[in-house]
Undergrad: 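The structure's right below; bear with me while I get my questions together.
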Number of protein chains: 2
Amino acid sequence: MRRVAARTGRRKVFGDMYGTADQNILGRTDLFRGLSPESLRELRRSAVRRRLAPYDPVFHQGDPAETFYIVAEGRLRVTQTTADGQQVIIRYIGPTEVAGLAVLAGDELHPSTATAVADSEVIGISRAIIREVMARHPEVAMNAVSVIAARYREMQQRLRELSTQNVERRIAHTVLRLAQEAGRRTARGIEIAFPLSRQDLAEMTGTTLHTVSRVLSAWESRGLVDSGRRRVVVRRPHELALLADAAG
Amino acid sequence: MRRVAARTGRRKVFGDMYGTADQNILGRTDLFRGLSPESLRELRRSAVRRRLAPYDPVFHQGDPAETFYIVAEGRLRVTQTTADGQQVIIRYIGPTEVAGLAVLAGDELHPSTATAVADSEVIGISRAIIREVMARHPEVAMNAVSVIAARYREMQQRLRELSTQNVERRIAHTVLRLAQEAGRRTARGIEIAFPLSRQDLAEMTGTTLHTVSRVLSAWESRGLVDSGRRRVVVRRPHELALLADAAG
DNA sequence: ACTGTGCTTTGATCCTCCTCAAAGATTTGC
DNA sequence: GCAAATCTTTGAGGAGGATCAAAGCACAGT
């Protein structure tokens with residue numbers, strides 16, 4: 001069926017796409033919302049900051065789930081690989097978001113792999129610490145419930161799309177979502193602000209890079225998007241949204 | 001709507017000691033694991049028991065998320081309907097499991113519909129109560145994290161299957177999972193112990209009832225399953241598992 | 001400026017699986 | 001017990017998208 005070639009990791013610098021606003025990022029996360037400044041400070045002391053270049057791994061599928069991460073800057077890609085080597089992109093993760101939910105749940109292993117796709121900074125917090133914080137601050141545990149529930153809902157939506165929509169609509173929805181969460185306004189339209197290849201879009205929508213390429217080419221000739229090597233700019237979000245919601 | 005005759009042999013009698021039975025089932029859930037007997041008793045007093053016949057709705061997509069449910073007996077089907085009326089089955093929910101996770105997360109609305117598919121008994125707990133219990137008992141909030149995380153993982157798995165596997169493998173995996181979680185050992189094999197139509201399987205695997213019918217017919221002629229009107233019996237689980245894990 | 005590597009495009013062909021259609025089987029309601 | 005409703009089966013045909021193949025293009029490093 002859909003055969004996906006293995007990626008060969010190769011490091012590249014994608015430039016500095018992000019501002020360097022680095023305040024107390026922890027306090028701005030959904031997970032730690034409402035936590036007292038003292039507790040946040042304490043948390044910060046036990047947290048470890050890591051800098052990542054594109055292609056740097058954060059954790060691997062199957063690793064012991066010892067540490068989870070808050071993204072302070074940049075973007076991570078979360079993937080799962082099947083037994084026969086096919087890859088699926090679960091999600092991209094941006095500033096203030098959590099990577100490594102399994103750690104919050106106290107699971108043994110990371111079910112997925114997280115990799116930087118841009119120069120990034122993440123803040124690592126150990127399982128022991130977060131479990132203790134949740135036990136001492138129920139509001140954090142309740143925040144965690146909300147965070148994971150939101151992911152669960154997202155996943156339901158994607159499942160629904162994959163079950164009921166044709167490839168073009170799925171790609172449209174996916175591109176619009178990425179533009180929403182990682183879009184940067186430019187003269188030409190909304191640019192997805194991290195490198196995104198045809199292969200990546202294929203792994204998010206359950207299709208092949210060839211089909212993604214054909215669809216983007218068609219859109220390009222209609223003036224809906226402007227895309228190139230690992231780059232997608234949405235020129236007419238509204239028209240693309242119409243296409244995403246059309247029957248089929 | 002049409003009703004289905006009650007199944008014999010699987011029913012537990014609650015009768016006038018059902019208060020105690022409730023408490024037992026609550027204590028056996030992953031959500032309330034570790035909660036003290038007094039707290040469980042308190043919880044049970046504020047809980048409401050509902051009996052359901054097949055096709056009875058528990059809550060609807062879009063309803064305010066006021067109450068969630070623990071299934072004491074029977075089985076619920078959780079579905080989502082798209083704008084254009086297509087339905088997807090998110091999950092089946094059996095004894096000790098939770099329906100209505102949105103309530104735990106404090107969301108405004110139920111994102112999905114839950115319906116009984118067999119004679120069932122559920123225990124309803126209000127948002128106010130559970131939120132208060134989680135706030136007072138962090139271990140319950142942490143249990144909730146684990147419960148939702150487990151659902152999230154399930155969803156990732158289905159997404160992966162839908163993205164990478166052909167129809168036959170997806171149906172095989174789905175049937176095996178259902179046999180696992182709702183299987184009843186019989187002389188002929190493992191029977192999925194609730195009514196399950198071709199249409200249902202199609203809505204779980206992102207295909208059509210026609211294709212499901214053809215696949216089951218093929219399996220039947222190979223002796224892998226034995227199926228009929230809303231009934232599926234797995235005769236050779238091992239061979240079906242091989243098929244589910246084969247390439248393609 | 002040149003070269004190698006990876007990314008993208010496009011054509012041609014094939015095949016799963018969907019759609020349309022209709023009949024058969026099982027259950028329920030009256 | 002009969003009719004109506006619901007569920008299942010099967011065939012024929014077609015479409016969407018995968019696969020195979022090859023060339024074109026952009027970028028990083030030298």
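In what follows, every chain begins at residue 1, and chains take the letters A, B, ... in the order their sequences are listed. This one's a predicted model, so the numbers in the text were calculated from it and none came from an experiment.
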Undergrad: Give the rounded distance in Å between these two atoms: CG of Leu196(A) and C1' of dA26(D).
TA: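 Value for this atom pair: 17 Å.
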Undergrad: Taking the minimum atom-to-atom distance to the side chain of Ser213(A), which one of dT8(D), dT10(C), dA12(D) wins?
TA: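 Looking only at heavy atoms from C-beta outward on Ser213(A), the closest nucleotide is dT10(C).
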Undergrad: For a quick test of reading the model: is some side-chain N or O of Thr211(A) closer than 4.0 Å to OP1 or OP2 of dG16(D)?
TA: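 Answer no for this pair, as no side-chain N or O of Thr211(A) is under 4.0 Å from OP1 or OP2.
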Undergrad: Can you tell me which stems involve DNA chain C, if a stem is defined as three or more consecutive Watson-Crick or G-U wobble pairs, both distances under 3.5 Å?
TA: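 Output for stems: C:1-30 with D:1-30.
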Undergrad: Compare the minimum distances between each of dT8(D), dC20(C), dT8(C) and the side chain of Leu209(A), then state the nucleotide with the smallest one.
TA: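 Comparing dT8(D), dC20(C), dT8(C) against the side chain of Leu209(A), the answer is dT8(C).
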Undergrad: Would you please say whether a donor-acceptor pair under 3.5 Å links the side chains of Gln86(B) and Asp84(B)?
TA: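 Judged by distance alone, the side chains do pair up.
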Undergrad: If we count only N and O atoms by modelled type, under 3.5 Å, do the side chains of Gln80(A) and Gln87(A) hold a donor and an acceptor together?
TA: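 No, because no side-chain N or O of Gln80(A) sits under 3.5 Å from a partner of the opposite role on Gln87(A).
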Undergrad: Without hydrogens or angle criteria, can the side chains of Thr208(B) and Arg198(B) be said to hold a donor-acceptor pair below 3.5 Å?
TA: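 Per modelled atom types, Thr208(B) and Arg198(B) side chains form no pair under 3.5 Å.
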Undergrad: From C-beta outward on Tyr55(A), which listed nucleotide comes closest to its side chain: dT19(C), dT8(C), dC7(C)?
TA: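 Per side-chain heavy atoms of Tyr55(A), the pick is dC7(C).
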Undergrad: Is any side-chain heavy atom of Glu168(B) closer than 4.5 Å to a side-chain heavy atom of Val215(B)?
TA: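 Answer yes - side chains close enough.
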Undergrad: Nearest-Å distance, CG (Asp226(B)) to P (dT8(D))?
TA: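 In whole Å, dT8(D) P and Asp226(B) CG are 14 Å from each other.
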Undergrad: Could you check how far CZ of Arg230(B) sits from P of dT8(D), rounded to whole Å?
TA: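 After rounding, the gap between these two atoms is 8 Å.
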Undergrad: Ser197(B) side chain N/O closer than 4.0 Å to the phosphate oxygens (OP1, OP2) of dC7(D)?
TA: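 Checking dC7(D) against Ser197(B), no side-chain N or O comes under 4.0 Å of OP1 or OP2.
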Undergrad: Is it the case that Gln165(B) and His173(B) place a side-chain donor and acceptor less than 3.5 Å from each other?
TA: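 Yes, because at least one side-chain N or O of Gln165(B) sits under 3.5 Å from a partner of the opposite role on His173(B).
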Undergrad: Could you tell me whether the side chain of His210(A) has a donor or acceptor atom within less than 3.5 Å of a complementary atom in the base of dT8(C)?
TA: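 Donor-acceptor pair under 3.5 Å: no.
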Undergrad: Please confirm whether the backbone N or O of Ile171(B) pairs with a side-chain atom of Thr205(B), one donor and one acceptor, at under 3.5 Å?
TA: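 Looks like no, no N/O pair under 3.5 Å.
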Undergrad: Atom CD of Glu203(B) and atom P of dC18(C): how far apart are they, to the nearest Å?
TA: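 In whole Å, dC18(C) P lies 13 Å from Glu203(B) CD.
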Undergrad: Counting only side-chain nitrogens and oxygens, does Thr208(B) get under 4.0 Å of the OP1 or OP2 atom of dC18(C)?
TA: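 Result: yes.
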Undergrad: So, Thr186(B) side chain and Ile190(B) main chain: donor-acceptor pair closer than 3.5 Å or not?
TA: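 No, because the side chain of Thr186(B) does not come within donor-acceptor range (under 3.5 Å) of the backbone of Ile190(B).
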Undergrad: So which one's nearest nucleotide on DNA chain D is more toward 5', Glu220(B) or Glu168(A)?
TA: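 Taking each residue's closest nucleotide, the earlier one in sequence belongs to Glu220(B).
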Undergrad: Starting at atom CD of Gln165(B), determine the distance to atom C1' of dG17(D), rounded to an integer number of angstrom.
TA: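 After rounding, the gap between these two atoms is 18 Å.
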Undergrad: Are Ser217(B) and dT10(D) close enough that a side-chain N or O sits under 4.0 Å from OP1 or OP2?
TA: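 Indeed, a polar side-chain atom of Ser217(B) lies that close.
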Undergrad: Please tell me which of the listed nucleotides, dA21(D), dT8(C), dG11(C), lies nearest to the side chain of Arg214(A)?
TA: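 For the Arg214(A) side chain, the nearest candidate turns out to be dG11(C).
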Undergrad: Send over the distance from Leu201(A) CG to dG17(D) P, rounded to a whole Å.
TA: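 It works out to 15 Å between those atoms.
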Undergrad: Tell me whether the rings of Phe59(A) and Tyr69(A) are parallel (<30°), tilted (30 to 60°) or perpendicular (>60°).
TA: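 Geometry flag for Tyr69(A) against Phe59(A): parallel rings.
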Undergrad: OP1 or OP2 of dA18(D) sitting under 4.0 Å from any side-chain N/O of Thr207(A)?
TA: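 Yes.
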Undergrad: If the cut-off is 4.0 Å, is Arg198(A) near the phosphate of dT8(C), judged by side-chain N/O to OP1 or OP2?
TA: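 Result: yes.
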Undergrad: Within this structure, what is the CD1-to-C1' distance between Ile171(A) and dG17(D), rounded to whole angstrom?
TA: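 Whole-Å distance recorded here is 11 Å.
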Undergrad: Roughly how many Å is it from CZ in Arg231(B) to C1' in dT8(D), rounded to a whole number?
TA: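 Answer to the nearest Å: 13 Å.
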Undergrad: Which nucleotide in the set dA21(C), dC20(D), dA25(C) lies at the smallest distance from any side-chain heavy atom of Arg229(B)?
TA: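 Nucleotide nearest to Arg229(B)'s side chain: dA25(C).
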